[in-house]
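Computed from a prediction, not measured in an experiment: that's the story for all the values here. A, B, ... follow the sequence lines: proteins, then strands. Residue 1 opens every chain.
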Amino acid sequence: MPNILEVQNLVKNYGDFQAVKGVSFNIEEGEIFSLLGPNGAGKTTTISMLSTLYTPTSGDAAIGGHSVTKDPMAVRGVIGVVPQDLALYEDLTARENLIFWGQMYNLSGKALNSRVDEVLEQIGLTDKAKNRVKTFSGGMKRRVNIGVGLLHKPRLLFMDEPTVGIDPQSRRAILDTVKDLNKQGMTLLYTTHYMEEAEELSNRVGIIDHGELIALGTQKELTQQVGQAETLILHIGENDDSEALAVTLKTIQGVQQAEAVDHEVSIVCAEAEDVLAAVVTKANDRGIKIRSIDIREPNLEAVFLHLTGRALRD
Amino acid sequence: MLKTFLIGIKDLRLAFRDRAALILMLAAPFVLTLGLGLVTGRFSGNNNSGLSDIPVIIVNLDNDQMGDALTDVFTSEELADLMEPVLGSDPEAARQLIDEDQAAAVVIIPKGFTRSIIPQENNFATPSDPVKIEVYANPSRRTSAGIVKSIVDEFLSRVEEGRVSGSVSIFQLMLSGRITPGQAQAAGIAMTEQLQTNTTDSDLAIKLNSSTAAGEEVDFDILAYLAPGMALMFLMYTVSYGGRSILAEKTQGTLPRLLVSPTSSSQILGGKVFGIFLTGAAQMLILIGASSLFFQLKWGDPIGVIVLVLAAVFGATGWGMFITALARTPAQVASIGTAVMLIFGILGGSFISLDQMPPAIQTFSRITPNSWALDGFTTLGLGGTLTNLSTPIAALLAMGISLFLVSVALFGKKNLVQK
């Protein structure tokens, strides 16, 4: 499939601070590409440059053959954007919001009304169409926020962490919507710091950290970078010192990485069985009671830990 | 252009769905007008315009029939409460008194005024060269001076009507053979006497204003000053509210979302300005409609009122944009906007007539749209029409344009979004 997006050495500086450091990647038409990284990694800044909101300090990107720096208006006709924060008029109804935003995307008349009906159906809010957005739950607002981005049937949809701060049911509905859109032929650039979402949705994943794209490929290609390593997740007590335990566990032979996050310690190792006994012993020696242990196959969390030495949720 | 319009309509809709804003935009000025109307006795049958004993100097150098007639108008019983006339003989001395703020205006009736109007012997159809009555107005007492000028204008209007109709009548009588050329002079003199009687009719001065369409005569109503004063003060709230929405859209993410749609920055900014303008115009027109309905207030020439409202809102919108361009956050716009609303309300004459303020304050008040617009509404309340509003309208348009240009430059420097 041809590339709908080609990013070349995209850089964004704020004074001395470099938010995005020469990011390059392509997205093929019809795929879901996830940009995975912790908060502050540069995901939103990258999307803001690609959606023509911010001007890159250097580098460029072509979307549908149009340069984001030289022909931003043409780019805006190709893309749809679902911003991380809700961007709606709360004193307008769901329908009025969709009508207004549709007009901003050059829709009008019967085509607009018909498309608004379709989108309301798609986001499951047909029966709430005449209610003001301010009366909606967080999940319903998120769905309207997504609906706005779909109105003009964009070829490439940017979704910037669309599931942040919502209930599991709404999150599930949004992930299903993303899959449906992709099945209908839409290409998506999806940013998230939830590894599970990237794993579930993506054809390919780019891992970004401190403004750099540190890994890129399919999930299989990425997990191969950490070999056959497994991840042990130790759940410990609230009053126990997870940081100190992580430092101790790193000394065990066969442990490749150990990282504390809240009341958990993530351990990357070749074989969980080989280190499990030593891990429990070390914890006991420190007087820390292990409440439960999860053993996970190689995943993107392990990849991130392997590449950065930090957990994704840091 | 269409998107600019659509953004403006959206903002108008949002403004009228904000209950807190509606209270300040509509309820507050209406209630304050009602309160001030009660205080001034407007609703208790004491129809005191608040304008009385206007000091005016009459210098009658004509000392003939028409000059005396105009003098009689100012010294008539019917105008005794409104006017405090003093008769003078030296124009320069009278002007000096105005310069010293001793009176609102001098009316100088030049020598030969009557002869310029009344037909001359053997040439009744062509009076001598016209001479002009001078009204030397005190710039610090604009409203009072405006009333004096209105009286003189009305007098001259009636004289002119009488002179033209008299001339035409005598010609017609001669052409029809009903009078001979020898009788024409006597007929002209008879008509002049009639004209003099008409122009000293007590109705002339008391009822300064007449609607040319219906011929209905209107007294000056104190609410015609108070109601626009209040409406204009709260118009400043509305424009700062609109300006605030520009920065609020940035905070709530809708502005960045607009900027990544196929909508240009100029369309967005134009739409926001149009929204402020629409909201302000709607507010003013609703208040005018409500005060007409509930207070029976006659605002004057409808076309003049509409054009003046649009010009006032345009000028005020310029200020709204300027405040927004200076501020960084919606809260700052709200704070500055409220302060500007009150300061402009006081400076612009919403609470105290500008005539009662020191000359320096009166000059400074010209930076406010309130002052210019209030001048216009007073003119309309006194019976003026659109043709009498050229100065305030031009000033308001110039104010709006210049402030808009400065605001655009400031917006360009600070950028609405971080790029």
Colleague: Do other residues, nucleotides or ligands put more than 12 heavy atoms under 6.0 Å from A:Lys21 NZ?
Modeller: yes
Colleague: Would one find more than 12 heavy atoms of other residues, nucleotides or ligands at under 6.0 Å from atom CZ of B:Phe5?
Modeller: no
Colleague: Does any heavy atom of chain A fall under 4.5 Å from the side chain of B:Ile9, the backbone, both, or neither of them?
Modeller: neither
Colleague: Can you check whether anything in residues 112-148 of chain A gets within less than 4.5 Å of chain B, heavy-atom wise, and list it by number?
Modeller: A:Arg132, A:Asn145, A:Val148
Colleague: Between B:Lys3 and chain A, with a heavy-atom cut-off of 4.5 Å, which part of the residue counts as in contact: side chain, backbone, both or neither?
Modeller: both
Colleague: Between chain B and each of A:Ile79, A:Thr57, A:Asn106, count heavy-atom pairs under 4.5 Å; write down the option with the most.
Modeller: A:Asn106
Colleague: By a 4.5 Å heavy-atom criterion (distance strictly below it), what part of B:Leu2 contacts chain A: side chain, backbone, both, or neither?
Modeller: neither
Colleague: Assess whether atom CG of B:Leu405 is packed by more than 12 heavy atoms of other residues, nucleotides or ligands within 6.0 Å.
Modeller: yes
Colleague: Heavy atom to heavy atom, less than 4.5 Å: which residues from residues 85-104 of chain A reach chain B?
Modeller: A:Leu86, A:Ala87, A:Leu88, A:Tyr89, A:Asp91, A:Leu92, A:Thr93, A:Glu96, A:Phe100, A:Trp101, A:Gln103, A:Met104
Colleague: Counting only non-hydrogen atoms closer than 4.5 Å, does B:Gln267 touch chain A with its backbone (N, CA, C, O), its side chain (CB onward), both, or neither?
Modeller: neither
